[in-house]
2 protein chains.
Amino acid sequence: MKAKEELPECPVATAVALIGGKWKLLIIRNLRVRPWRFNELRRDLEGISQKVLTDSLRQMEDDGLVFRHDYGENPPRVEYGLTELGRQMIPAMDSLADFGAYYKTIVS
Amino acid sequence: MKAKEELPECPVATAVALIGGKWKLLIIRNLRVRPWRFNELRRDLEGISQKVLTDSLRQMEDDGLVFRHDYGENPPRVEYGLTELGRQMIPAMDSLADFGAYYKTIVS
DNA sequence: CGGGATCCGAGATGATACTG
DNA sequence: CAGTATCATCTCGGATCCCG
């Protein structure tokens, strides 16, 4: 979890710090429905590399947005999902999606 | 304005394409109140370089989110503000700000 | 004042190989 | 399957200089 002192004053800047970057919002978009396994997520995101997906998930885990559940099985089985805190992000993501959808109706 | 073909299928990805990056949401946060002059914006954002501010504003102008009004005066006077399309972004930004504010109450 | 143009480095991202 | 480790690449953003 990020230390309080590292967070910007501005709440917008805080949100950007948490979900900025190319993939995090897309990861949240997927995880909102149900937990996903690693490679399943990787295939669906299509274009993301292993490393970047790992890094992104780790950061979001550190920030308390995502949980990681390792079933300890063999072959390995690990699932990622949204924490309660991560779920609080959903309305904002929906708003962004609304804007994205609206934008496409305008420019086409 | 971005060509329709360049836009991702997913509305979330579209939004990310438009307001991704470190500064664009912060620029929108400022411009929502009123038009700003270039250096005024630059000073307020504090940390952004000329180049990055210029690039960001140009892209947002190309995407139809921001207008640029050159008064053609001397000394130069140029103002940047949100277009109607850009204003449609405001609710999403408010949602993000809400999330950012909430997040800070949790982690502190 | 409001930029444009150029150069440059760090960090983000990507590709590949390997492991338990 | 779910990573780690390593190396390559590339984009973002910063520094600097210039102009009308």
Side-chain angles (χ1 to χ4, degrees), chain A residues 2 6 8 10 12-13 15-28 30-31 34-63 65-82, chain B residues 2 6 8 12-13 15-31 34-63 65-82:
Chain A
K2 258 182 216 303
E6 302 172 21
C10 171
V12 177
V16 171
L18 292 172
I19 50 76
K22 205 163 152 184
W23 299 102
K24 288 186 179 174
L25 272 172
L26 301 177
I27 291 173
I28 292 177
N30 280 34
L31 296 190
R34 56 176 173 82
W36 289 58
R37 298 182 63 167
F38 184 86
N39 275 338
E40 182 188 22
L41 205 45
R42 177 157 139 73
R43 273 190 300 275
D44 192 79
L45 290 176
E46 193 168 340
I48 196 171
S49 70
Q50 246 169 9
K51 174 179 168 32
V52 173
L53 180 53
T54 303
D55 289 352
S56 300
L57 287 170
R58 288 270 180 284
Q59 288 169 29
M60 295 168 80
E61 204 188 341
D62 287 346
D63 292 339
L65 303 178
V66 161
F67 69 79
R68 176 183 192 273
H69 184 62
D70 188 337
Y71 286 84
E73 301 176 356
N74 201 306
R77 180 171 161 215
V78 181
E79 285 190 347
Y80 294 90
L82 291 184
Chain B
K2 257 183 219 301
E6 302 173 22
V12 176
V16 171
L18 292 171
I19 50 77
K22 203 162 150 186
W23 299 102
K24 287 186 180 174
L25 273 171
L26 300 177
I27 291 172
I28 292 177
R29 176 201 62 188
N30 280 35
L31 295 190
R34 56 174 173 83
W36 289 57
R37 298 183 64 171
F38 184 86
N39 275 338
E40 183 189 21
L41 205 46
R42 178 157 140 73
R43 273 189 301 274
D44 192 78
L45 289 177
E46 192 169 339
I48 196 171
S49 71
Q50 240 171 12
K51 174 189 185 347
V52 174
L53 180 53
T54 303
D55 289 353
S56 301
L57 288 170
R58 287 271 179 284
Q59 289 169 26
M60 296 169 80
E61 203 189 341
D62 287 345
D63 292 339
L65 303 178
V66 162
F67 68 79
R68 175 182 193 273
H69 184 59
D70 188 337
Y71 286 84
E73 301 176 356
N74 202 304
R77 181 173 162 213
V78 181
E79 285 189 348
Y80 295 89
L82 291 184

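In what follows, every chain begins at residue 1, and chains take the letters A, B, ... in the order their sequences are listed.
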Using every non-hydrogen atom in the two residues, find where R29(B) and C10(A) come nearest and quote the distance to one decimal. NH1-SG, 2.9 Å
With respect to the phosphate group of dG3(D), does any side-chain polar atom (N or O) of Y80(A) fall under 4.0 Å of OP1 or OP2? yes
Salt bridge (Lys or Arg N to Asp or Glu O under 4.0 Å) contacts in which one or both residues fall within residues 73-82 of chain A, not counting sequence neighbours: E73(A)-R77(A), R77(A)-E79(A)
Among residues at least two apart in sequence or on other chains, which ones pass side-chain contact (heavy atoms from CB on, under 4.5 Å) with [X]?
X      : answer
F67(B) : P35(B), H69(B), T83(B)
V52(A) : W23(A), I48(A), S49(A), S56(A)
R43(A) : N39(A), E40(A)

Bending between helix ends of the helix from dC1(C)-dG20(D) to dG20(C)-dC1(D) [5 pairs per end, 10° resolution]: 40°
Are the side chain of D70(B) and the backbone N or O of G72(B) linked by a donor-acceptor pair below 3.5 Å? yes
Does any N or O in the side chain of W36(A) come within less than 3.5 Å of the main-chain N or O of N30(A), such that one atom is a donor and the other an acceptor? yes
Could you tell me how far apart [X] ([atom1]) and [N] ([atom2]) are, to the nearest whole angstrom?
X      : N       : atom1 : atom2 : answer
L45(B) : dG14(D) : CG    : P     : 11 Å
E79(A) : dC1(D)  : CD    : P     : 14 Å
R58(B) : dG13(D) : CZ    : P     : 16 Å
L53(B) : dC12(D) : CG    : P     : 16 Å
H69(A) : dA2(D)  : NE2   : P     : 13 Å

Heavy-atom side-chain contact between [X] and [Y] under 4.5 Å:
X      : Y      : value
L65(A) : L82(A) : no
M60(B) : I28(B) : yes
R68(B) : V78(B) : yes
L53(B) : F38(B) : yes

In numerical order, the residues of residues 36-43 of chain A whose heavy atoms come under 4.0 Å of DNA chain C are none
Quick check for you: to the nearest 0.5 Å, what is the distance between Q59(A) atom CD and I27(A) atom CD1? 9.5 Å
Mind checking the CZ-OH spacing from R37(A) to Y80(A)? Nearest 0.5 Å is all I need. 11.5 Å
With a 4.0 angstrom cut-off to heavy atoms of chain A, pull out the first and last contacting nucleotide of DNA chain C, in 5'-to-3' order. dT13(C) to dG20(C)
So what does T54(B) touch, heavy atoms closer than 4.0 Å: a base, only the sugar-phosphate, or nothing? sugar-phosphate
So G47(B), base contact, sugar-phosphate only, or nothing? Heavy-atom distance under 4.0 Å. sugar-phosphate
Can you list everything that forms a side-chain hydrogen bond (donor to acceptor under 3.5 Å, both in side chains) with [X]? Sequence neighbours excluded, please.
X      : answer
R58(B) : none
K22(A) : none
Q50(B) : none

Considering only nitrogen or oxygen atoms on both sides, find all protein atoms under 3.5 Å from nucleotides 16-20 of chain D and state each distance.
none

Which of residues 21-28 of chain B have a heavy atom under 4.0 Å from DNA chain D? K22(B)
